[in-house]
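The structure appears right after this line, and notes come after that.
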Amino acid sequence: MKINGQHYRTIWLAQDGWRVVVIDQTRLPFRFETVTLGSAEQAADAIRNMVVRGAPLIGATAAYGVALAMRADAADPALEAALALLAATRPTAVNLRWALERMRQALAPLPPPDRAAAAYAEAAAICDEDVALCRAIGEHGLPLIREIAARKPAGQPVNILTHCNAGWIATVDWGTALAPIYLAHDAGLPVHVWVDETRPRNQGAALTAYELGAHGVPHAVIVDNAGGHLMQRGQVDMVIVGTDRTTARGDVANKIGTYLKALAAHDNGVPFYVALPSPTIDWRLADGLADIPIEERAGREVSHVAGLAEDGEIRTVRVAAPGSAVANPAFDVTPARLVTGLITERGVCAASSEGLAGLFPDLAQG
Ligand SMILES: CSC[C@@H](O)[C@@H](O)C(=O)COP(=O)(O)O
């Protein structure tokens, strides 16, 4: 997607041909800065500290982290150490495990001298494929928006609510939940996006609003608790969110607060769609509530907030009462029964074992 007229992906190789450049998401929307990663340790830090985040981009960064490790030492112990280091960074997004397993399968059979080149090629393939998958998600989601637009009075925008950031910044390009919105906007359909701010890290206010604004998509940032009210008043036509892990029966883990939006959508008859590429499906799991690991992040993300101070500096301030305990579960699980449909690169399906297996018979297990 474009920033100030220039096309960017979220991850690319530096001019030296081996280091890896990412956009520092901790500085957005106030500063567009990049970070250059030169080792698997730096890639792991970037994922852990959310310099990069979003399930597909976490997977892509981990893949390049393995490539960086192989350049330094391609022996078996080094490969295993890099895979373990990167796997331990964040627990919920299954794209991380998927990318690392794919790297292991590509590299382990090779003699060590061949591994670095193969690792870079595999990481690049993962990135290119992610772009294609996300673009396809956009194409399959577009008719859903078009149908709603056709039922609205002429000129009235389709109001779409989204939570967290599932746009191009969370992937390599295009995004998942935002891909259909970009295609609808580019096709001339009037769309307007309600952007949940998404405490505690404010990915909605900081990242989704930033990228929608850069693309010229009309939107408004709302506090996380406003969605239900807007739905009761008929001001939300549909919800589209991303996901960090979807089980084989269609339960969906996504940023904390997603479940409450699904409940409100259900109560108000608002369609609730989840957009995902197939690497986000964990075919080994069925019961998302019981089995998806939920990341517990530092309490400081709740007690403190970062923002742009009046003097133009990015500063962090405390918002919670000093001394109060805080808890910070970073994701929740929305049961399949609350999901209207899953928008994937192969089409839209029911959030159910049958729906997913029907679209992905080659990937579904059992
Ligand atoms: C296309 S990304 C889908 C999800 O990864 C996204 O909605 C999300 O929850 C990201 O969480 P984050 O903690 O910012 O990595």
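In each ligand, atom 1 is the first atom listed, and ligand 1 is the first ligand listed.
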Next on the checklist: Distance check, rounded to the nearest 0.5 Å: N254 atom CG versus T176 atom OG1?
Outcome noted: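 These two atoms lie 8.0 Å from each other.
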What I want to know is whether [X] and ligand 1 share at least one N or O pair that is separated by under 3.5 angstrom.
X    : result
H163 : no
F331 : no
D244 : yes

Min heavy-atom dist [X] to ligand 1 below 4.0 Å:
X    : answer
T280 : no
R90  : yes
M50  : yes
P56  : yes

Next on the checklist: Does only the side chain of C164 get under 4.0 Å from ligand 1, or the backbone, or both, or neither? Count heavy atoms.
Outcome noted: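 Only the side chain of C164 comes within reach of ligand 1.
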Item to check | Within reach of ligand 1, part of V241 (heavy-atom separation under 4.0 Å) | outcome: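 Under 4.0 Å from ligand 1, V241 contributes no heavy atoms.
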Within ligand 1, which atoms have a heavy atom of [X] less than 4.0 Å away?
X    : value
T243 : 3 (C), 4 (C)
Q203 : 12 (P), 13 (O), 14 (O)
A55  : 2 (S), 5 (O)
N165 : 6 (C), 7 (O)

Heavy-atom check, side chain of [X] versus side chain of [Y], under 4.5 Å:
X   : Y    : value
Y64 : C127 : yes
D76 : R115 : yes
V20 : L13  : yes

Checklist entry - Hey, would you say the F32 and Y210 ring centroids sit under 6.0 Å apart? => result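 They do not qualify: ring centres at least 6.0 Å apart.
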Checklist entry - Is the distance between the ring centroids of F272 and H266 less than 6.0 Å? => result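 So the answer is no for these two rings.
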Checklist entry - For atom 1 (C) of ligand 1, what's the nearest protein heavy atom and its distance? => result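 Here the nearest protein heavy atom works out to T176 OG1, 3.0 Å.
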Checklist entry - For atom 7 (O) of ligand 1, which protein heavy atom lies nearest, and how many Å away is it? => result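 Checked against all protein heavy atoms, atom 7 (O) of ligand 1 sits closest to N254 OD1, 2.7 Å.
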Checklist entry - Which atom pair, heavy atoms only, marks the closest approach of C349 to L359? => result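 Smallest interatomic distance, heavy atoms only, reads CB-CD1, 3.5 Å.
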Checklist entry - Of the non-hydrogen atoms in K2 and A214, which two are nearest, and what is the gap between them? => result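 Between these two residues, the closest heavy atoms are O-CB, 3.9 Å.
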Item to check | same_hphob_cluster(I11, M50) at 4.5 Å side-chain heavy-atom cutoff | outcome: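 No, no single cluster joins them.
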Checklist entry - Taking the minimum heavy-atom distance to atom 13 (O) of ligand 1, which of R53, K255, R201, Q25 ranks first? => result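 Looking at heavy atoms only, K255 sits closest to atom 13 (O) of ligand 1.
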Next on the checklist: Nearest non-hydrogen contact with atom 2 (S) of ligand 1 belongs to which option: G242, A170, A179, A253?
Outcome noted: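 Selected option, by shortest heavy-atom distance: A170.
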Next on the checklist: Under the criterion salt bridge (charged side-chain N to carboxylate O under 4.0 Å, His left out), I'd like the reasoning laid out for R9 against D173: C-alpha separation, chi angles, the key distance, then a yes or no.
Outcome noted: CA-CA 5 Å; R9 284 184 175 187; D173 206 348; 5.0 Å; no
Item to check | Matching residue for N328 among E295, R199, E301, E296 - test: side-chain hydrogen bond (donor to acceptor under 3.5 Å, both in side chains) | outcome: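 Result: among E295, R199, E301, E296, E301 is the only option passing the side-chain hydrogen bond (donor to acceptor under 3.5 Å, both in side chains) with N328.
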